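Have a look at the structure below before the remarks.
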Amino acid sequence: MSQNIIEYLRESSINNLFSANGFNTAWPTWKTKINSLAPTPTQHQILALGDSLKEIFYTTNMSSSRSQSDVSGGGANWEALVCWYLNLCLIGRRTVVIKHSKKLIPEPISNAITVNYGSFISNTESDLIALTFPNKANYTIDKESICISDTNGTTVPLHKIKNSKYNLLPVLNALAAEDFKEIEIHIIQCKTNWNDNAQIPMLWDMIYSAKAFRSGITIGREGYSIVDAKAFTYSFVTVPTVKLDKIASTSVAVQRVRNITGGNYWGLPTKSGIASSIKEMLDRNLRTGETVNHLSTIKNEISKLSADYTYFRLL
DNA sequence: GTTCACTAAGAAGACCGGTG
DNA sequence: CACCGGTCTTCTTAGTGAAC
């Protein structure tokens with residue numbers, strides 16, 4: 001089966017979600033809900049799942065007993081659900097959403113988003129990262145045909161020596177180093193509750209959008225910086241778990257995230273002055289790379305859900 | 001030299017009740 | 001209504017040792 005490096009990265013990203021225990025146990029319940037919302041999925045139904053992500057998320061939150069394990073696992077699960085949904089809407093395009101993992105993020109990218117506070121190197125531990133790759137041959141041809149040299153000029157072997165597994169991260173590192181200026185980086189900060197945590201995305205967005213600091217803080221290392229990437233945004237996605245009547249357009253929590261570069265979103269239909277549906281992020285931040293919109297690319301790929309895209313485990 | 005499996009330690013994260 | 005402090009579990013990563 002021919003597969004380009006972008007779709008292989010997407011597959012690896014989704015498989016990584018299922019390797020986490022919390023997501024794996026929640027999945028059967030969510031899948032039932034998703035199947036009822038999109039029974040014979042059309043492109044419109046798939047995209048519209050974004051309006052119902054909160055509903056899907058809450059199907060595993062119904063039990064009245066609120067144990068500490070639900071609390072702790074909730075955050076990682078929400079991240080994973082958002083990651084799964086965005087990747088599903090991005091099939092066939094050149095954008096991949098990755099849940100933070102050293103195994104899957106190319107080093108030039110993680111170097112670029114690193115914040116140095118004096119000599120302290122703060123890996124932002126950002127939740128999700130969306131990468132849009134350029135329209136170049138290496139990203140569209142079969143991943144087995146890629147020919148790329150690393151930063152030392154050595155050709156990167158496509159497979160590991162012993163077990164012949166695909167050498168994903170080294171290949172990505174080399175590609176990202178060579179094409180860094182043409183790659184878009186979008187950080188997607190996920191939080192389940194809104195009230196308590198709105199400061200965090202606000203502060204990180206301030207840091208990333210600031211041109212200069214009085215002292216001590218710099219962004220990027222090893223020669224890579226977000227200002228050199230093709231685009232950079234920072235956005236916020238919440239469930240939210242707070243009661244909706246407590247959120248008004250005048251609330252501090254809303255004001256805090258209103259102006260961040262990538263926008264603020266939730267797993268509900270768009271509400272003017274408060275937050276947009278997560279599905280709007282696709283058009284706003286993750287649109288480039290194709291001339292047609294997401295509905296068109298999903299429509300083209302939808303028949304492959306039972307073949308090339310079984311790793312979404314939708315069926 | 002490379003890869004895998006396993007273990008231990010560290011960090012992240014959500015949420016709630018109390019307070020001014 | 002915003003903020004703070006405290007709790008507890010899960011996930012990730014680094015490290016070690018064994019096998020090829």
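Note that the coordinates shown come from a computational prediction; the quantities given were computed from them, not determined experimentally. These values consider heavy atoms only, across backbone and side chains, with no hydrogens, waters or symmetry-generated copies. In what follows, every chain begins at residue 1, and chains take the letters A, B, ... in the order their sequences are listed.
One can place CH2 of A:W194 at 15 Å from C1' of C:dA2, the figure rounded to the nearest angstrom. Taking atom CZ of A:F23 as the reference point, atom P of C:dT9 lies 23 Å away to the nearest angstrom. Separating the CG atom of A:N24 from the C1' atom of C:dC11 is a distance of 14 Å, rounded to the nearest angstrom. C:dT9 atom P lies 16 Å from atom CG of A:N77, rounded to whole Å. When rounded to the nearest whole Å, the span between NZ of A:K103 and C1' of C:dT13 equals 10 Å. Atom CZ of A:F57 is separated from atom P of B:dG13 by 14 Å (rounded to the nearest Å). A:N193 has its CG atom 17 Å from the P atom of B:dA12, to the nearest Å. Atom-to-atom, CD1 of A:I200 to C1' of C:dC3 comes out at 13 Å; the value is rounded to the nearest Å.
The aromatic rings of A:F23 and A:W30 lie perpendicular to each other, with more than 60° between the two planes, well past the 30° mark. The aromatic rings of A:F18 and A:W27 sit perpendicular to each other, their planes meeting at more than 60°, with 30° as the lower class boundary.
Checked against C:dT12, B:dA14, C:dC3, the side chain of A:K191 finds its nearest nucleotide in B:dA14. Closest to the A:K99 side chain, of the nucleotides C:dT12, B:dC15, C:dC3, is C:dT12.
Formation of a donor-acceptor pair under 3.5 Å by the A:Y8 side chain with backbone atoms of A:Y166 is not found in this model.
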A:Q43 and A:H294: CA distance, side-chain angles, deciding distance, side-chain hydrogen bond (donor to acceptor under 3.5 Å, both in side chains) verdict: CA-CA 8 Å; A:Q43 64 272 29; A:H294 295 81; over 6 Å; no
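For B:dG13, the OP1/OP2 oxygens have no side-chain nitrogen or oxygen of A:T192 closer than 4.0 Å.
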